[in-house]
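One structure is given here, and the rest of the page talks about it.
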Amino acid sequence: SLSCDISEGGIRLNIAQFLPLNAEILLQIKLNPEWIVECRARVMWIQRIPFSERYQVGLEFIKDEDFIHTSHKIQDWIQLTQRNQSLKGV
């Protein structure tokens with residue numbers, strides 16, 4: 001699957017397989033080669049991409065006991081990415 005965007009609360013993915021609403025899934029998110037986080041998420045919405053066999057899905061991270069650590073890594077990655085984009089003038 002391909003990530004379209006990510007925040008501290010969830011992620012939007014481009015996927016090949018339909019997922020039912022409210023399904024809980026386990027994700028491994030590769031933020032960069034050194035940062036891989038694992039967390040559980042719930043399907044909040046899903047829609048088929050026009051003229052495609054793929055879907056976009058909105059997932060909300062489940063705030064369990066492991067989520068605090070994952071959330072901090074995602075926050076750090078977002079801040080680092082934004083800082084790098086600012087330095088490049090993007």
Can you measure from OG1 (T70) to CZ (F61) and round to the nearest 0.5 angstrom? 8.5 Å
d(I15 CD1, L59 CG) to nearest 0.5 Å is 7.5 Å
R48 vs Q56, side-chain contact (heavy atoms from CB on, under 4.5 Å): CA-CA, chis, key distance, verdict: CA-CA 6 Å; R48 190 166 179 185; Q56 281 203 350; over 6 Å; no
List for me each residue that meets side chain to side chain contact (heavy atoms under 4.5 Å, CB included) alongside L80, sequence neighbours excluded, and say none if there are none. N84
Got a sec, which residues hit side-chain hydrogen bond (donor to acceptor under 3.5 Å, both in side chains) with Q28, two or more places apart in sequence or on another chain? E38
Identify the heavy atoms of R54 and A16 that sit nearest to each other, and give their distance. NH1-CB, 3.5 Å
Specify the closest pair of heavy atoms between S7 and I74, including all atoms of both residues, with the distance to one decimal. O-CG2, 3.7 Å
Tell me, which pairs form a salt bridge (charged side-chain N to carboxylate O under 4.0 Å, His left out) where one or both residues lie in residues 68-87, sequence neighbours left out? none
Salt bridge (Lys or Arg N to Asp or Glu O under 4.0 Å) involving E24 - partner list, sequence neighbours excluded: R40, R42
Connected to W45, directly or through other members, by ILVMFWY side-chain contacts below 4.5 Å are M44
Could you walk me through whether I11 and L27 pass the side-chain contact (heavy atoms from CB on, under 4.5 Å) test, one step at a time? CA-CA 10 Å; I11 189 168; L27 293 175; 4.0 Å; yes
Apply side chain to side chain contact (heavy atoms under 4.5 Å, CB included) to E65 and list each qualifying residue two or more places apart in sequence or on a separate chain. none
Check the hydrophobic clustering (I, L, V, M, F, W, Y; side-chain heavy atoms under 4.5 Å; chains of links allowed) and say if L19 and I49 are grouped together. no
